[in-house]
Amino acid sequence: MTVRMVIADDQPMVRAGLRSLLDGEGGVVVVGEARDGEEALACVRRLEPEVVLMDIRMPVMDGLAATRRLVADGARTRVLVLTTFDLDEYVFDALRAGASGFLLKDATAEELLGAVRTIAAGEAVLSPTVTRRVIEAFGSMPVADAGLAGRLSALSPREVEVLRLLARGRSNAEIARDLFVSDATAKTHVSNVLTKLDLRDRVQAVIFAYESGLLRIGRGSVPG
């Protein structure tokens, strides 16, 4: 499968560098570039790529607003955000808006290519360091959302346990091992959790688990 993608960044040298790293490598083809969020939206609507690599700080419309618009439009294109630690508050907002992954800007070419392919396949990506920061932030929230907590009743006891493991950053294979089930069964449980809670992907599952109060820091929930 060829993954078609758009690069959105306001710096020409960054776009050129990313294109040189990604274009034609590992089944990834860069079909467009954008200098700001508005151009990114136009590119996505015109080209319908599988993935848009989105910077957050851009003029005219930033990457956060563009991500919200893409999700609101029902676009099938998935968003991979490149970020830095000083943008934590934007990271959390973009997660809620529906971004499917985050990598730091010092990620290697192999990590970036792997993330693009993973997101195009319908999964979600958070770099380990970003995952820890995200879980620490969401997990330290003092008050759970009662409305979200009520939605947990739609899950079976086994699915609740699967959601706990998802929120701890476990892969399908690790969930299968922890629950003593097959990889296929674990994948089915994960799919059922996402469907019943109307979540886009595993990133949204992490947010839901913490915002609903299912997990809190201090319960062994932060991966090492």
> Can you tell if the side chain of Val6 reaches within under 4.5 Å of the side chain of Leu53, non-hydrogen atoms only?
Replying inline: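 The answer is no, as the side chains (C-beta and beyond) never meet within the 4.5 Å cut-off.
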>> Any non-hydrogen side-chain atom of Ile56 less than 4.5 Å from a side-chain atom of Val81?
In response: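 SC-SC contact between Ile56 and Val81 confirmed.
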Compare every heavy atom of [Y] with every heavy atom of [X], then report the nearest pair and how far apart it is.
| X | Y | answer |
| --- | --- | --- |
| Glu50 | Thr2 | OE1-O, 3.9 Å |
| Asp183 | Ala173 | OD1-CA, 3.9 Å |
| Gly17 | Ser20 | O-OG, 2.7 Å |
| Arg69 | Met61 | NH1-CE, 3.3 Å |
| Ala40 | Ala8 | CB-CB, 3.9 Å |
| Leu199 | Ala205 | CD1-CA, 3.7 Å |

> Within a reach of under 6.0 Å around CZ of Arg35, are more than 12 heavy atoms found that belong to other residues, nucleotides or ligands?
Replying inline: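 Counting neighbours around CZ of Arg35, 12 or fewer heavy atoms of other residues, nucleotides or ligands fall under 6.0 Å, so no.
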> Around Met1, counting heavy atoms of other residues, nucleotides and ligands shown, do more than 12 lie under 6.0 Å from its CE?
Replying inline: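 Enclosed.
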> Between Arg117 and Val28, is a side chain to side chain contact (heavy atoms under 4.5 Å, CB included) present by the stated rule, with each step listed?
Replying inline: CA-CA 8 Å; Arg117 289 193 294 263; Val28 175; 4.3 Å; yes
[X] (side chain) donor-acceptor with [Y] (main chain) under 3.5 angstrom:
| X | Y | result |
| --- | --- | --- |
| Arg15 | Asp9 | yes |
| Arg4 | Val30 | no |
| Thr77 | Pro49 | yes |
| Arg57 | Asp10 | no |
| Glu174 | Ser171 | yes |

[Y]/[X] salt bridge by N-O under 4.0 Å criterion:
| X | Y | value |
| --- | --- | --- |
| Asp73 | Arg45 | yes |
| Lys196 | Glu159 | yes |
| Arg158 | Glu161 | no |
| Asp178 | Arg170 | yes |

Treat each ILVMFWY residue as a node, draw an edge where side-chain heavy atoms are under 4.5 Å apart, and state whether [X] and [Y] are in one component.
| X | Y | answer |
| --- | --- | --- |
| Val29 | Met54 | yes |
| Val60 | Leu64 | no |
| Val71 | Met5 | no |
| Val14 | Val116 | yes |

Roughly how far apart are [X] [atom1] and [Y] [atom2], rounded to 0.5 Å?
| X | Y | atom1 | atom2 | result |
| --- | --- | --- | --- | --- |
| Asp62 | Asp55 | CG | CG | 9.5 Å |
| Leu80 | Thr118 | CG | OG1 | 9.5 Å |
| Asp23 | Leu18 | CG | CG | 11.5 Å |
| Glu39 | Arg46 | CD | CZ | 9.0 Å |
| Asp106 | Leu112 | CG | CG | 11.5 Å |
| Asn172 | Arg177 | CG | CZ | 12.5 Å |

> Picking from Leu197, Val193, Asp198, what satisfies side chain to side chain contact (heavy atoms under 4.5 Å, CB included) with Phe208?
Replying inline: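 Per the side chain to side chain contact (heavy atoms under 4.5 Å, CB included) rule, the option paired with Phe208 is Leu197, out of Leu197, Val193, Asp198.
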> Does the side chain to side chain contact (heavy atoms under 4.5 Å, CB included) test come out yes or no for Leu113 and Leu21, once each step is laid out?
Replying inline: CA-CA 8 Å; Leu113 280 167; Leu21 284 175; over 6 Å; no
Show me, pair by pair, the donor-acceptor contacts under 3.5 angstrom made by side chains of residues 184-192, not counting sequence neighbours?
residue: Thr185; atom: OG1; partner: Ser182; partner atom: OG; Å: 2.9
residue: Thr188; atom: OG1; partner: Ala184; partner atom: O; Å: 3.0
residue: Asn192; atom: ND2; partner: Thr188; partner atom: O; Å: 3.4

>> With side chain to side chain contact (heavy atoms under 4.5 Å, CB included) as the criterion, how do Arg19 and Ile7 come out once you've worked through the C-alpha distance, each side chain's angles and the decisive distance to 0.1 Å?
In response: CA-CA 8 Å; Arg19 179 183 278 273; Ile7 297 171; 4.2 Å; yes
> After noting the C-alpha distance and the side-chain angles of Leu70 and Val79, does the key distance pass the side chain to side chain contact (heavy atoms under 4.5 Å, CB included) rule?
Replying inline: CA-CA 9 Å; Leu70 284 175; Val79 177; 3.8 Å; yes
